[in-house]
Number of protein chains: 2
Amino acid sequence: MSEPRANLPRPAPAPSVSIAAVARHANVSVATVSRVLNGQQVVKPATRDAVMAAVQTLGYRVNEMARNLRTAESRLLLVLVPDVGNPFYAEIMRGIDSVARQHGYLVVLCDTGADVEREHTWFDLLRRRRADGAICLDPDTVQHALAHDNAHLAWVACAEFDPAMAVPYVGIDNRLAARDAVQHLLERGHRRIGLINTDETWLYARQRKQGWHDALTEAGITPRADWCINTHSLDYAAGNAAMTQLLALAAPPTAVFAVSDTLAIGALAGARSLGKRIPHDVAVVGFDDIALAAQTDPPLTTVAQPMRQLGETAVQLLLDLLADRGRPPAHVLLPHRLALRASA
Amino acid sequence: MSEPRANLPRPAPAPSVSIAAVARHANVSVATVSRVLNGQQVVKPATRDAVMAAVQTLGYRVNEMARNLRTAESRLLLVLVPDVGNPFYAEIMRGIDSVARQHGYLVVLCDTGADVEREHTWFDLLRRRRADGAICLDPDTVQHALAHDNAHLAWVACAEFDPAMAVPYVGIDNRLAARDAVQHLLERGHRRIGLINTDETWLYARQRKQGWHDALTEAGITPRADWCINTHSLDYAAGNAAMTQLLALAAPPTAVFAVSDTLAIGALAGARSLGKRIPHDVAVVGFDDIALAAQTDPPLTTVAQPMRQLGETAVQLLLDLLADRGRPPAHVLLPHRLALRASA
DNA sequence: GTGAAAGCGCTAACAA
DNA sequence: TTGTTAGCGCTTTCAC
């Protein structure tokens with residue numbers, strides 16, 4: 001055993017100074033330190049200053065794991081995203097993150113691949129108290145499968161939802177938005193209007209198809225089945241392939257509505273590689289209004305979703321739920337708008 | 001006070017069953033339950049089964065907050081990203097997430113905006129034990145500012161780093177990679193080769209500029225100052241503007257090397273809006289090889305970074321550090337390659 | 001206005 | 001092989 005060595009330079013600041021150490025140093029009780037730390041007004045200013053001084057010199061930081069055990073909350077929120085790489089979700093994430101942080105919550109991005117099994121393992125984190133709540137962006141079919149087992153957990157749906165579920169959600173009116181987009185094409189004189197849709201496990205896919213159908217029939221046009229392609233993913237390549245397929249038709253569409261900007265941008269590439277000029281040979285309308293949409297050639301006309309606000313609202317709904325678990329689930333629909341650019 | 005009511009249907013499964021409840025139900029001690037839960041082999045099979053049965057019927061889930069307080073780890077990792085929307089980072093995130101999860105860690109995406117102040121608040125989470133470690137993707141200048149205060153915290157640098165820092169890092173040889181890219185342009189006969197660079201607070205920006213410079217001087221060409229544009233962001237619009245500026249030169253470059261695919265894609269748009277054909281009028285080479293690079297018109301020739309592997313390696317370095325805080329910082333350089341497509 | 005002490009749910013050292 | 005018990009660091013009654 002060696003002597004206690006007081007004045008050796010430490011290689012690193014002592015990583016563990018507890019509330020007890022601060023109390024000792026300031027000659028008060030741990031309770032008082034806790035009060036100061038939590039900004040309770042009862043503490044006498046002089047005492048408060050002494051505590052703060054001790055905190056300062058000791059370099060104390062609260063151990064939030066301990067605090068959270070005591071308060072029984074983790075201050076962590078989960079965001080369940082089917083595809084992290086999709087810019088649409090990235091923007092929603094930004095909205096979520098900003099308001100979550102304002103309220104002292106941390107956000108964990110969870111990649112689900114729209115898979116029920118993986119969803120389940122993420123929901124397990126809620127059961128194990130690793131997280132306080134979740135925001136789910138997965139297909140309504142997936143959500144539906146989840147709903148029963150997780151009814152007592154705190155979660156909300158964002159952008160995609162099953163209206164029949166007793167879960168709060170925020171989204172837009174997809175059917176109406178799609179109808180607006182197709183109507184714009186009709187106004188430009190198009191009569192043969194294709195649809196590049198995605199997997200119809202998504203409610204939004206079914207709803208936007210409805211909107212496309214609505215607009216066409218209202219104009220006295222009978223939608224043909226071969227005008228409609230269902231892709232299995234949302235990536236650029238899928239949009240490219242779908243457009244190629246559409247243009248191979250005997251009487252190809254003169255305009256195409258894609259249910260996602262990524263698909264639409266891929267479609268642009270597909271049309272171009274066939275030597276088509278846009279919008280002269282084919283007009284294209286997308287959906288979402290991601291940042292890239294303004295930079296394509298030509299710039300993409302698209303239905304703008306309020307992505308950021310979608311995320312912000314979702315957190316708000318979740319926090320409301322956390323504050324009052326008994327409240328009836330709120331359902332919010334946000335407005336969309338048509339961003340007119342050169343592609344249609 | 002009312003009587004205890006035993007058999008009322010609960011609106012939601014009791015959210016709080018502790019290890020003690022399981023112990024009671026299985027007629028064993030909490031220690032035994034804990035042993036079973038943690039897979040310790042000492043427990044007699046019969047006892048083990050009894051415990052598992054109790055866990056099952058009670059629907060018990062471990063409270064990880066309590067466990068973590070005890071084991072003094074949060075099992076949370078931070079990823080400090082300057083711009084969540086950039087697809088380059090999204091792919092690195094995927095790599096990080098997959099191996100972190102394999103090791104039982106959760107990953108929190110932290111948007112820093114490459115800002116030192118915001119970085120500080122994120123590092124605070126480490127001090128408060130909210131997280132065990134961090135992976136930093138911010139500019140080396142930012143990292144440098146951080147290094148002193150946070151020397152005792154567990155963090156590693158990824159993609160961007162200051163070689164002089166005593167912090168583990170993984171990245172590529174940016175100078176060499178840029179040189180390769182420009183050399184490709186030279187081989188195609190170009191002599192006036194522009195550079196769309198970003199803010200030189202980034203080490204990679206300075207290094208890639210060096211590489212551009214190397215290749216040019218080796219070919220006996222004197223790089224002109226007006227061939228080089230520094231943008232203030234990495235978004236598509238910035239690349240567009242830079243290209244416009246380059247093409248306005250009296251003797252504009254016949255080829256352009258952009259230090260990021262997003263910049264390069266914006267540059268493509270910029271050239272096109274001026275009626276230029278690619279690669280005929282201007283050739284363009286990018287950097288990163290994001291998914292979109294293969295879908296542009298024409299498809300983008302670019303330097304491919306092993307993004308996923310970058311992320312995977314970064315986690316590995318961090319876990320190594322967590323396991324042995326004393327070890328000397330490891331420095332890993334991963335190989336790059338040139339993805340040849342039609343734009344150059 | 002402040003302190004003593006209980007306990008959040010868990011793991012691990014020590015005993016039996 | 002199992003049980004008892006002491007904390008992990010904090011918040012929060014309840015006294016004083």
Side-chain angles (χ1 to χ4, degrees), chain A residues 14-52 54-55 58-76 104 124-132, chain B residues 14-52 54-55 58-76 104 124-132:
Chain A
S16 251
V17 20
S18 73
I19 210 174
V22 176
R24 224 173 298 126
H25 193 274
N27 259 311
V28 296
S29 73
V30 291
T32 299
V33 177
S34 175
R35 288 186 189 109
V36 172
L37 260 27
N38 292 294
Q40 294 192 24
Q41 297 300 329
V42 282
V43 188
K44 180 158 60 178
T47 325
R48 210 193 69 90
D49 293 346
V51 171
M52 290 313 280
V55 164
L58 262 38
Y60 168 84
R61 299 294 165 130
V62 65
N63 179 330
E64 299 206 20
M65 287 197 309
R67 169 182 288 177
N68 292 343
L69 171 57
R70 185 57 227 227
T71 58
E73 51 177 19
S74 66
R75 295 247 142 202
L76 227 57
D124 246 17
L125 294 176
L126 293 184
R127 293 198 191 81
R128 298 182 190 175
R129 317 285 197 291
R130 272 316 286 278
D132 294 339
Chain B
S16 252
V17 20
S18 73
I19 212 174
V22 176
R24 224 173 299 124
H25 193 274
N27 258 311
V28 296
S29 72
V30 291
T32 299
V33 176
S34 175
R35 287 186 190 106
V36 172
L37 260 27
N38 292 294
Q40 295 191 26
Q41 297 301 329
V42 282
V43 187
K44 180 158 61 177
T47 324
R48 210 193 69 90
D49 294 346
V51 170
M52 290 312 280
V55 165
L58 262 38
Y60 168 84
R61 299 294 164 133
V62 67
N63 179 330
E64 299 205 19
M65 286 196 311
R67 168 182 289 175
N68 292 343
L69 172 58
R70 182 61 225 228
T71 58
E73 51 177 19
S74 67
R75 295 247 143 201
L76 227 57
D124 247 17
L125 294 175
L126 293 184
R127 292 198 192 81
R128 299 182 189 176
R129 315 286 196 292
R130 275 310 290 276
D132 294 340

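In what follows, every chain begins at residue 1, and chains take the letters A, B, ... in the order their sequences are listed.
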> Closest approach of B:A23 and B:S29, non-hydrogen atoms and distance?
Replying inline: CB-C, 3.7 Å
> When every nucleotide of nucleotides 8-16 of chain D is labelled 5' to 3' by its protein contacts under 4.0 Å (heavy atoms), B for base, S for sugar-phosphate only, - for none, what sequence of letters results?
Replying inline: BBBBBB---
>> Between A:V51 and A:R35, does the side-chain contact (heavy atoms from CB on, under 4.5 Å) criterion hold? Intermediate values first, please.
In response: CA-CA 10 Å; A:V51 171; A:R35 288 186 189 109; over 6 Å; no
>> Taking the axis from the first five pairs and the axis from the last five, what angle separates them in the helix from C:dG1-D:dC16 to C:dA16-D:dT1, rounded to 10 degrees?
In response: 40°
>> Measuring from atom CZ of B:R48 to atom OG1 of B:T32, what distance do you get when rounded to the nearest 0.5 angstrom?
In response: 13.0 Å
> Taking 4.0 angstrom as the limit, do B:R61 and A:D124 come out as a salt bridge?
Replying inline: yes
>> Checking side-chain polar atoms at under 3.5 Å, does A:S74 have a donor or acceptor matched by the opposite partner on A:D132?
In response: yes
> Which heavy atom of B:Y60 sits nearest a heavy atom of B:I19, and at what distance?
Replying inline: CE1-N, 3.6 Å
> Is any NZ, NE, NH1 or NH2 atom of the basic residue among A:R128 and B:E64 found under 4.0 Å from an Asp or Glu carboxylate oxygen of the other?
Replying inline: yes
> Yes or no on side-chain contact (heavy atoms from CB on, under 4.5 Å) for A:N63 and A:S18, after CA distance, side-chain angles and deciding distance?
Replying inline: CA-CA 8 Å; A:N63 179 330; A:S18 73; over 6 Å; no
> Which pair of non-hydrogen atoms, one from B:H25 and one from B:L58, has the smallest distance, and what is that distance?
Replying inline: CD2-CD1, 3.7 Å
>> With a 3.5 Å distance limit and no angle check, can you tell me whether B:T71 reaches the backbone of B:R67 through a side-chain donor-acceptor pair?
In response: yes
> First and last nucleotide of DNA chain C in contact with chain B, 5' to 3', at under 4.0 Å to a heavy atom: what are they?
Replying inline: C:dG9 to C:dA13
